[in-house]
Amino acid sequence: GISVKDLVYLAEGLEVGTFSTGALGSGAAVKMIDGTSYAEVDNLTVRQKATFRELIIESLKHIGGQLVLTPARMKCVRVVEEDTFYKCYFDTGDGEVSNEFVAGDFARCQVFTGSGTKFYWRLVTLVGEDWINISKTSAAVGSDAPESGDDITQLGNATDTSRQSA
């Protein structure tokens with residue numbers, strides 16, 4: 001049965017298990033805070049219908065190293081190697097994603113791969129709707145070749161001072 005203690009506790013809210021809030025929390029809770037109800041659970045299954053007045057989607061991410069805010073970026077999906085350049089393609093999402101790179105930009109990729117660091121910093125020589133050409137020769141010393149799956153950011157420009165900061 002339900003005790004008096006349980007009834008008082010339910011009037012303030014309901015906790016299941018050992019409740020703690022946050023991304024690494026535990027248990028579950030439904031509470032009233034300043035006249036507004038809140039619920040926190042690990043997983044939610046709605047069998048019929050869910051109605052949201054506002055939906056905020058968040059994700060927990062880790063950034064090891066640096067986050068660079070620059071005028072252009074792309075996720076490379078295919079690389080074609082030519083004599084003097086690499087042609088790096090990206091997915092436009094049926095035209096929803098535009099190419100933000102311009103010729104003269106420097107394209108940079110730097111990531112820890114588990115066995116070492118992948119790094120390149122190369123001149124963008126030409127751009128198209130869903131691709132950029134990056135130079136084989138105009139590059140930082142020790143630059144690796146681009147590959148499908150690379151996150152490429154714009155970091156600097158050879159002549160345009162408005163694109164030389166991040």
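When reading the values below, keep in mind they use all heavy atoms of this one structure, side chains included, and skip hydrogens, waters and symmetry mates. In this text the structure is predicted, and so the values were computed from the model without any measurement.
Using modelled atom types, no side-chain atom of Asn157 and backbone atom of Phe106 make a donor-acceptor pair closer than 3.5 Å. Of the possible donor and acceptor atoms, none in the side chain of Glu129 sits under 3.5 Å from a partner among the backbone N and O of Asn99. A side-chain donor-acceptor contact under 3.5 Å links Ser148 to the backbone of Val77. A donor-acceptor pair is defined here as one N or O able to donate and one able to accept, closer than 3.5 Å; no such pair exists between the side chain of Gln154 and the backbone of Phe101. Trp121 places no side-chain N or O within donor-acceptor distance of the main-chain N or O of Val141, the cut-off being under 3.5 Å. Side-chain atoms of Ser20 come within 3.5 Å of backbone N or O of Ser26 as a donor-acceptor pair. Thr125 places no side-chain N or O within 3.5 Å of a backbone atom of Ser135 that could act as its donor or acceptor partner.
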- Task: Could you check Ile132 against Phe90 for side-chain contact (heavy atoms from CB on, under 4.5 Å), going step by step and ending with a plain yes or no?
- Result: CA-CA 9 Å; Ile132 62 173; Phe90 69 96; 5.6 Å; no
- Message: Go through it in stages, so that I can follow the logic: the residues are Tyr86 and Arg122, the test is side-chain contact (heavy atoms from CB on, under 4.5 Å), and I'd like the CA-CA distance, side-chain angles, deciding distance and then a yes or no.
- Response: CA-CA 10 Å; Tyr86 301 99; Arg122 299 177 175 278; 4.0 Å; yes
- Take Glu40 and Lys31, measure what salt bridge (Lys or Arg N to Asp or Glu O under 4.0 Å) needs, and give me the verdict at the end. CA-CA 9 Å; Glu40 184 171 337; Lys31 294 185 174 195; over 6 Å; no
- Applying side-chain contact (heavy atoms from CB on, under 4.5 Å), run through Arg163 and Val102 and close with a yes or a no. CA-CA 10 Å; Arg163 294 178 71 85; Val102 299; 3.2 Å; yes
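One hydrophobic cluster, built from ILVMFWY side chains closer than 4.5 Å, cannot hold both Phe85 and Ile134; they sit in different ones. Both Tyr120 and Val124 are assigned to one and the same hydrophobic cluster, defined by single-linkage of ILVMFWY side chains at heavy-atom distances under 4.5 Å. There is no path of hydrophobic side-chain contacts, each under 4.5 Å, that joins Leu123 to Leu126. Each of Ile33 and Val30 belongs to its own hydrophobic cluster when Ile, Leu, Val, Met, Phe, Trp and Tyr are linked at side-chain heavy-atom distances under 4.5 angstrom. Cluster membership check: Val80 shares its hydrophobic cluster with Trp131, using side-chain heavy-atom separations under 4.5 Å among Ile, Leu, Val, Met, Phe, Trp and Tyr.
In this structure, the side chains of Tyr38 and Met32 stay at 4.5 Å or more apart for every pair of heavy atoms. No side-chain heavy atom of Tyr89 sits less than 4.5 Å from a side-chain heavy atom of Cys76. When side chains are defined from C-beta on, Lys87 does not count as touching Val79, because their heavy atoms never get closer than 4.5 Å.
What you find for Ser143 and Ala140 is that their closest heavy atoms are OG-O, 2.8 Å. Closest heavy-atom contact between Asp42 and Gly27: OD2-O, 4.2 Å. Nearest heavy atom pair, residue Val41 against residue Ala28, reads CG1-CB, 3.9 Å.
Annotation: the span from Thr70 atom OG1 to Asp105 atom CG amounts to 8.5 Å, rounded to 0.5 Å. Here the CD atom belonging to Gln164 is positioned 8.0 Å from the OG atom belonging to Ser162, to the nearest 0.5 angstrom.
Residue pairs meeting the salt bridge (charged side-chain N to carboxylate O under 4.0 Å, His left out) criterion with at least one member in residues 132-159, sequence neighbours excluded: Arg73-Asp151, Lys75-Asp151, Glu81-Lys136, Lys118-Glu147, Lys118-Asp150.
Looking only at atom types and distance, the side chain of Thr36 has no donor-acceptor partner in the side chain of Asp34 under 3.5 Å away.
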